[in-house]
Chemist: 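Structure provided below as structure tokens; questions to follow.
In listed order, ligands and their atoms are each counted from 1. Just so you know, these numbers use all the heavy atoms, side chains as well, and skip hydrogens, waters and symmetry mates. Start at 1 with the first residue, then count along the sequence.
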Amino acid sequence: MLERTLGIVKPDGIRRGLIGEILKRIEDSGLRVVALKMKQLTRSEAEGFYYVHREKPFFNDLVDFMTSGPVALFVLEGENAIERYRRLMGATDPKKAEKGTIRSDLAESMQCNTVHGSDGPDTARFEISYFFAATEIVKR
Ligand code: CDP
Ligand code: MG
């Protein structure tokens, strides 16, 4: 199925200059970048984005981290893009992520795990429209 998914290079990835490395891995995998921008998230933007986690013990620290510097936001498109990009990222905890995945190779910790990716079709729709207007997404 042709899908779109939302990806983020998180503040730790931006600080370490990893935008190019991450987009290279994504492009090499055959996924197409159809939208891309930099943004400094406000607290309320980060809280709204991670709304499903609002009751979790890590929520406040996660919002602190996601607003600690700019992020790179992008939309990917391709056959089964959601699952393919999740596999490219690896497990949430970089210590448990498979070798060769972005998180295993590049991430620092469970919190500073360098990248975000939508986890299903409903989440992808919500997350893409949270950050991108339809007019910011290209055909390619
Ligand atoms: O990002 P992913 O979908 O793999 O994981 P999540 O369970 O949706 O959690 C969202 C984000 O919260 C993670 O990517 C981590 O940055 C952070 N997190 C954390 O700091 N501590 C945890 N125990 C779980 C998640
Ligand atoms: Mg998630």
Chemist: Closest by any non-hydrogen atom to atom 2 (P) of ligand 1: pick that one out of Asp93, Thr92, Val115, Thr114.
Modeler: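 Heavy atom nearest to atom 2 (P) of ligand 1 belongs to Thr92.
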Chemist: Which of these, Phe59, Phe58, Tyr50, Phe49, has its nearest heavy atom closest to atom 22 (C) of ligand 1?
Modeler: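 It is Phe58 whose heavy atom sits nearest to atom 22 (C) of ligand 1.
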Chemist: Identify the protein heavy atom lying closest to atom 1 (O) of ligand 1, giving its residue, its atom name and the separation to 0.1 Å.
Modeler: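 Nearest neighbour among protein heavy atoms for atom 1 (O) of ligand 1, to 0.1 Å: Arg103 NH2, 3.0 Å.
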Chemist: Does a side chain donor of either Arg16 or Thr114 reach within less than 3.5 Å of an acceptor in the other side chain?
Modeler: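 Their side chains do contain a donor-acceptor pair, which is all the 3.5 Å distance test asks for.
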Chemist: At what distance is the nearest protein heavy atom to atom 15 (C) of ligand 1, and which residue and atom is it?
Modeler: Met110 O, 3.3 Å
Chemist: If you draw the axis of the six-membered ring of Phe131, does the NZ or CZ of Lys37 fall within 45° of it and under 6.0 Å from the ring centre?
Modeler: no
Chemist: Who's the nearest protein heavy-atom neighbour of atom 17 (C) of ligand 1, and how far?
Modeler: Leu62 CD1, 3.8 Å
Chemist: Could you see if Val33 belongs to whatever hydrophobic cluster contains Ile128? Use Ile, Leu, Val, Met, Phe, Trp, Tyr and a side-chain cutoff under 4.5 Å.
Modeler: no
Chemist: Could you see which bit of Lys56 sits under 4.0 Å from ligand 1, with heavy atoms only: side chain, backbone, both or neither?
Modeler: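 For Lys56, there is no contact with ligand 1 at all, from either part.
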Chemist: Can Asp119 be said to touch ligand 1, with heavy atoms closer than 4.0 Å?
Modeler: no
Chemist: Considering only heavy atoms of Asn113, which atoms of ligand 1 have at least one such atom less than 4.0 Å away?
Modeler: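 It comes down to these atoms of ligand 1: 13 (C), 14 (O), 15 (C), 16 (O).
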Chemist: Yes or no on side-chain contact (heavy atoms from CB on, under 4.5 Å) for Arg4 and Phe132, after CA distance, side-chain angles and deciding distance?
Modeler: CA-CA 12 Å; Arg4 284 176 176 172; Phe132 289 95; over 6 Å; no
Chemist: Strictly by modelled atom types, are Arg15 and Ser68 linked by a side-chain donor-acceptor pair under 3.5 Å?
Modeler: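 Yes, because at least one side-chain N or O of Arg15 sits under 3.5 Å from a partner of the opposite role on Ser68.
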Chemist: Is it true that Met66 lies under 4.0 Å from ligand 1, counting heavy atoms only?
Modeler: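 Per 4.0 Å heavy-atom rule, Met66 does not contact ligand 1.
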Chemist: Which residue supplies the protein heavy atom nearest to atom 6 (P) of ligand 1, what is that atom called, and how far is it?
Modeler: His53 NE2, 3.6 Å
Chemist: Can you check salt bridge (charged side-chain N to carboxylate O under 4.0 Å, His left out) on Arg25 and Asp28, steps first, answer last?
Modeler: CA-CA 5 Å; Arg25 288 174 182 233; Asp28 286 350; over 6 Å; no
Chemist: Over all heavy atoms of both residues, which pair between Pro94 and Arg103 is shortest? Give the atoms and the distance, please.
Modeler: CB-O, 3.3 Å
Chemist: Under 4.0 Å from a heavy atom of Arg86: give me the atoms of ligand 1 that qualify, with their elements.
Modeler: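 Once the distances to Arg86 are compared, the set is 2 (P), 3 (O), 4 (O).
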Chemist: Where do Asp105 and Lys99 land on the salt bridge (charged side-chain N to carboxylate O under 4.0 Å, His left out) test, with the steps shown first?
Modeler: CA-CA 7 Å; Asp105 293 351; Lys99 289 234 164 56; over 6 Å; no
